[in-house]
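Encoded as C-alpha cells, the structure appears first; notes follow it.
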Amino acid sequence: MATGSARYLLYRYSSRNTLSRVRFSLLSNRFCHSNSSNLSKSELYSFLDQKLSNPHQFSQSDHRHFSKCRFLNIRRCTFSTLVKNENPVLNSEPVLESEAAETSTTGLELDLEENISETESVSPEKAVNFVEIANRDPIEIYRQLKNAPKTEKQNRDDWNELMEIFSCFAKSGWASNQALAVYIGGAFFPTAAQKFRKFFFKKLKTDLVKYLVSLGPGNESEKFLFPIFVEFCLDEFPDEIRRFRSMVESADLTKPHTWFPFARAMKRKIIYHCGPTNSGKTYNALQRFMEAKKGIYCSPLRLLAMEVFDKVNGLGVYCSLLTGQEKKFVPFSNHVACTVEMVSLDELYDVAVIDEIQMMSDSSRGFAWTRALLGLKADEIHLCGDPSVLNIVRKICSDTGDELVEQHYDRFKPLVVEAKTLLGDLKNVRSGDCVVAFSRREIFEVKLAIEKHTNHRCCVIYGALPPETRRQQANLFNDENNEYDILVASDAVGMGLNLHIRRVVFYSLSKYNGDKIVPVPASQVKQIAGRAGRRGSRYPEGLTTTLHLEDLDYLIECLKKPFDLVKKVGLFPFFEQFELFAGQLPDATFSHILEKFTENCRLDGSYFLCNHLHIKKVANMLEKVKGLSLEDRFNFCFAPVNIRDPKAMYHLLRFASLYSQKLPVNIAMGVPASTARNDSELLDLETKHQVLSMYLWLSNHFEEDKFPYVKRAELMATDIAELLGQSLTKASWKPESRQSGKQKTQEKDGGYDRPRSLVKLQEKKRQEKSLSKPPLENVAA
Ligand SMILES: Nc1ncnc2c1ncn2[C@@H]1O[C@H](COP(=O)(O)OP(=O)(O)OP(=O)(O)O)[C@@H](O)[C@H]1O
Ligand SMILES: [Mg+2]
C-alpha cells in the first residue's frame, strides 16, 4: 500500500475512533517509521487496534518527539494541511509531514488559518486556530477563563492529556524557578500550581484545551501556561506574594559591596601580592604594615596572628593581639594582629594586610575574607595569596571603585621533587623531614613507627592541638640542639608556621573529607609542599617526595598544575540581615529560619553562601534551650566547637543553658594532674583545651559578667597546652581507633609499611566502577 493511501486510511481510522490530533500525529509518525506502511487495510486497522488497546502506548519519548515536531506540525503544517495533503481526493501526490514542513514558508500561516476553517467539516474535531491562541494575551486568556460561566466538556483523551500537562507543570523546575521572579516561593509553587489546575479544569475552554493538547506535556505547554499562571497567582495569592516578597528582599545578598558605605566613600588602594609559597608576599606586606602609623594584620590562624604579634613587637613596633579567644592589648600600640574573623570594620587604618586571600573561596570560612576585603576602612590594603582569586579580586575592585595594583612574585628557590621517594619504608626518613599525614591516627602511627625503627625523634602538629602546643612542637623541631629532628604533621602545617623543613614527605595523598576518602586537592598539596626550604631557614633549598613510588606521579601532577581560577567567593549574612529575615518568620525555630534563608537568599554570580552545616548542627542542639534571644543563638552557633566531639558539644549546651537562665557560666572541669599516659588521656586533654577555648571565645562575644571565670579558664588552658606538649614529646602509644573498619597499617620485618597508595586505590576503584557500568547507549536502551 502506498504511504499516501495508508495515511488516508489512518486518517479515516482516526476519525472513526475520534483520535485526538496529538495521538493521530504520533500514530502517523510511528506509522511512517515502521514497516506497517506495506500493510493492507485490514492489517493496518488491526495494527492500529493493537496500538490503541494499550492506553500507555504513547510514551514520554513519543511526547518529546512530538514536542520537537510541534513547530513543524502546528505552526507551519497543521493537522488540517496534513489532512489536505494526504487526502487522495484532494491531492493525489502524498506529502509527508516533514516534507510539508520543509516546503512551508513563513507566509504560510495565513493559509493555515484558512485551512483550519476549510477542514472543519472533515476534521475529526472542531478545528482550532492555534496561531491565534498562541499569540493571545495571557491576561485576556486569564480573564476569559475567570469569567467563563462553566466548563466546556472535553473528550477523555484530551482530558487525560491535560491532566498530564498540568502534572508536568506542577513538577516543572523551570516554572518553579521563573515563579520566584514574581515572588512565588519554591515551597509555595506546588500548591499554587495545584490550585491553578483546579481553576483551569473548572473553566475548560475547548480551543485552549485543544491547543494545549497539541503542545503536549513539557516545555511548550509550560511556557504557554506560565503567564496565565502568573495572572492567576497575582489575583489569588496577593498576601502570599507580599509575604514572600519581603522575605526575599530581606534575604537579598546581592551587591555586597554596597553594604559598606564608609569603605565605599574612601579611595582605597589595593595591593595584591600574588605568588606561590615562600616568595616573600607576607614579608613585603608586613614591611608596609610596620611602616604605617596605624595598621591591622588579618591572619587565617590564631597561630599566625601570634607569630606576627611576636615578630612585630620584637622589631620594636608596638602591636596588640586580637583573636576570638584572646585580647592582648599592648599599651601605646597603633598596630594590631588579629584573626580575620575578628577584624574591626569600624576603625580607620592607614594600612591593612589580609593574608592568604585565596581563602575567600573557602567553603566554610570564605565570608570572613570577603567581608574584610569589602569593608575594611584602610587607605592601603595588602592582599597576600596565590593567583587563584586574582580575577575575582579584579572584579570586586571594579565594583567597589578601588584602585588595584598587582605585584607578582616567584618562589625564592624552586622546589625539587625527589624521584626516589622513601620506597615505602619510613626507615628512610632523614633529619629535617616533615612527614605529612592527613589524620590524627596516621600521625601517631607514623611517629610510633619512626621512633621504633630509627634513632630519630618526632614532633607532631595537627589541627586539634592548641596553637601554643603547635608552636612549642614547632620550636622543638626548629631547635638544632635536641634529638627531635623529624616533624610529623597534618595539613595544619600548610599555613603560617615558619619551620626549618628540608624535605616534605607525603605519607599519603588522600584524605577523609567528612564523607569519603578523596585525593588531596592540588592547591593544598602545593601549599604543604611549599613548607620545605623556606628562605631564612636552615634549609633554604626545599625538597619534596612521597613515601610510596606509586604516589609520586600525583605529587608531580599537583605541583605542575596551574592554580585553578576561582569563580565565586564566600558570603554569609550579618546578624542584622539575618534578624531582618527572621522577622518574616516570627514563630520559626532558628534552624528553620536558617534553612529558609538558604532557600530564599539571592546572590550575585561571583558569590556563594558559605556552608553552614556546622552552625545548623549547633542550632539544632540549642533548640531545647529556652530563653535565648535570636542574637544569642546566632553568637552561640559561631562558637568554635568540634561538632563530632560529644563532650565538647555537651559543654556548649551547658554553657548556653546557664547563660539562658542568667546564671554565671562556670567551667565545671578540672585540669589533670599529670601528662597523658595513653591516647585516650591525650584525647581528653585535647577536648578539655577546646572547651576552655570555647569558654574564652564566648566570654569575648557576650557580656563578660556572664562568663566570670575568664582568668581561671586562661590559666587552665595554658596548663593544658603545656601538659599536651609534654605528653606529645613522650607519646609512644598506638592511637585510639575512633572508626572501626579503617585501613590498618602493617608492620614488616624491621620496617614499617603503609598498606598501599591510597591515591592508586581510589583511582582503581573509580576505574572498576566505570568498567562495571554499562555503556551509555545500553543504559538509555
Ligand atoms: N626580603 C627578604 N629579606 C629577608 N627575609 C625574607 C625576605 N622576603 C622573605 N623573607 C623570609 O622568607 C620567608 C618566606 O617569606 P614569606 O613568609 O613572606 O613568604 P610567602 O610568600 O608569604 O609564603 P606563604 O605563601 O607560604 O605564606 C620568611 O621567613 C620571610 O621572613
Ligand atoms: Mg605568607
Side-chain angles (χ1 to χ4, degrees), residues 138-139 141-143 145-146 166-203 222-223 225-256 258-259 367 571-605 607-613 615-616 619-620 622-623 626-634 637:
I139 305 179
I141 299 180
Y142 171 67
R143 279 201 202 121
L145 285 172
K146 196 180 169 191
F166 273 86
S167 145
C168 280
F169 183 80
K171 287 182 219 143
S172 162
W174 174 83
S176 168
N177 215 8
Q178 294 290 310
L180 288 174
V182 282
Y183 300 104
I184 305 289
F188 184 61
F189 177 79
T191 316
Q194 198 194 8
K195 293 202 168 160
F196 177 54
R197 191 190 66 182
K198 267 193 190 159
F199 160 80
F200 200 93
F201 273 72
K202 269 191 197 156
K203 303 290 177 99
E222 281 162 24
K223 286 194 173 133
L225 282 175
F226 186 75
I228 310 171
F229 169 73
V230 169
E231 288 309 312
F232 169 76
C233 290
L234 292 175
D235 208 20
E236 286 293 310
F237 313 117
D239 292 342
E240 282 83 352
I241 288 176
R242 206 174 309 120
R243 214 171 306 132
F244 187 65
R245 188 191 176 114
S246 40
M247 189 140 95
V248 167
E249 280 171 358
S250 57
D252 188 355
L253 297 186
T254 58
K255 300 192 176 50
T258 59
W259 303 348
F367 69 94
L571 268 190
F572 203 75
F574 299 133
F575 170 69
E576 289 76 9
Q577 288 166 311
F578 190 72
E579 188 183 34
L580 190 71
F581 180 79
Q584 314 293 324
L585 302 162
D587 302 321
T589 61
F590 187 88
S591 36
H592 184 65
I593 301 170
L594 204 57
E595 211 169 280
K596 284 277 157 202
F597 190 95
T598 316
E599 227 173 85
N600 295 308
C601 79
R602 284 193 295 167
L603 293 145
D604 287 339
Y607 299 93
F608 64 85
L609 185 69
C610 277
N611 174 0
H612 47 275
L613 221 90
I615 295 173
K616 228 176 133 193
N620 280 336
L622 296 184
E623 237 26 287
K626 302 291 166 220
L628 288 177
S629 71
L630 190 75
E631 189 169 8
D632 291 340
R633 281 187 200 279
F634 194 84
C637 284

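Electrostatic pairing of R143 and E231 does not count as a salt bridge here, judged by no charged N lying under 4.0 Å from a carboxylate O. Taking a cutoff of 4.0 Å between a charged side-chain nitrogen and a carboxylate oxygen, R243 and E240 do not qualify as a salt bridge.
Going from atom NE2 of H592 over to atom CG of D587 covers 10.0 Å, rounded to the nearest 0.5 Å. Interatomic distance, NZ of K203 versus NZ of K198, reported as 14.5 Å (0.5 Å rounding). With rounding to the nearest 0.5 angstrom, the CG atom of L571 is 9.0 Å from the SG atom of C601. Remark: F244 CZ to N600 CG distance equals 4.0 Å, nearest 0.5 Å. Summarising the geometry, atom OG belonging to S591 is positioned 6.5 Å from atom NZ belonging to K616; distances are rounded to the nearest 0.5 Å. To the nearest 0.5 Å, atom CZ of residue R242 and atom CZ of residue R245 are 10.5 Å apart.
Ring pair F597/F581 is perpendicular by interplanar angle, where above 60° counts as perpendicular and below 30° as parallel. Ring geometry for F367 against F572 counts as tilted: the plane angle lies between 30° and 60°, on a 0 to 90° scale. A perpendicular orientation is assigned to the rings of F634 and F590, their planes being inclined by more than 60° (bins at 30° and 60°). The aromatic rings of F226 and F169 are tilted relative to each other, their planes meeting at an angle between 30° and 60°. Aromatic ring pairs are classed by plane angle as parallel below 30°, tilted from 30° to 60° and perpendicular above 60°; the pair F166 and F200 is tilted.
Looking at Q584 and K596, their side chains never come closer than 4.5 Å, going by heavy atoms from C-beta outward. Using a 4.5 Å heavy-atom threshold, the side chains of L253 and R602 count as separate. Taking the side chain as every heavy atom from C-beta outward, L180 and F189 never approach each other to under 4.5 Å. Within the 4.5 Å cutoff, side-chain heavy atoms of K223 are placed close to those of W174. The side-chain heavy atoms of I228 and I139, taken from C-beta on, include no pair separated by under 4.5 Å. At least one side-chain heavy atom of Q577 sits under 4.5 Å from a side-chain heavy atom of W259. No side-chain heavy atom of T254 sits under 4.5 Å from any side-chain heavy atom of L603. Under the 4.5 Å side-chain criterion, counting only non-hydrogen atoms from C-beta, L580 is not in contact with P573.
Considering every non-hydrogen atom in both A192 and F232, the closest pair reads O-CE2, 4.0 Å. Summarising the geometry of L613 relative to N611, their closest heavy-atom pair is N-OD1, 3.0 Å, with the distance given to 0.1 Å. When all heavy atoms of C233 and I241 are compared, the closest pair comes out as O-CD1, 3.7 Å. For G186 against P190, the heavy-atom pair with the smallest separation is O-CD, 3.4 Å.
Formation of a donor-acceptor pair under 3.5 Å by the E623 side chain with backbone atoms of N620 is not found in this model. Listed for the D252 side chain is no donor-acceptor partner under 3.5 Å among the backbone atoms of E249. Without hydrogens or angle criteria, S250 side chain to S246 main chain gives a donor-acceptor distance under 3.5 Å. Looking at R633, its side chain does come within 3.5 Å of a backbone N or O of L622 through a donor-acceptor pair.
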Checklist line | Verdict with supporting geometry, Q178 and V230, side-chain contact (heavy atoms from CB on, under 4.5 Å) | finding: CA-CA 10 Å; Q178 294 290 310; V230 169; over 6 Å; no
Next item on the list: Show the numbers, then the answer: is there a side-chain contact (heavy atoms from CB on, under 4.5 Å) between L630 and F575?
Entry: CA-CA 9 Å; L630 190 75; F575 170 69; 3.9 Å; yes
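By the 6.0 Å contact criterion, NZ on K195 is open, its count of non-hydrogen atoms from other residues, nucleotides or ligands being 12 or less.
Remark: aromatic rings of F229 and Y142 are distant, center separation not under 6.0 Å.
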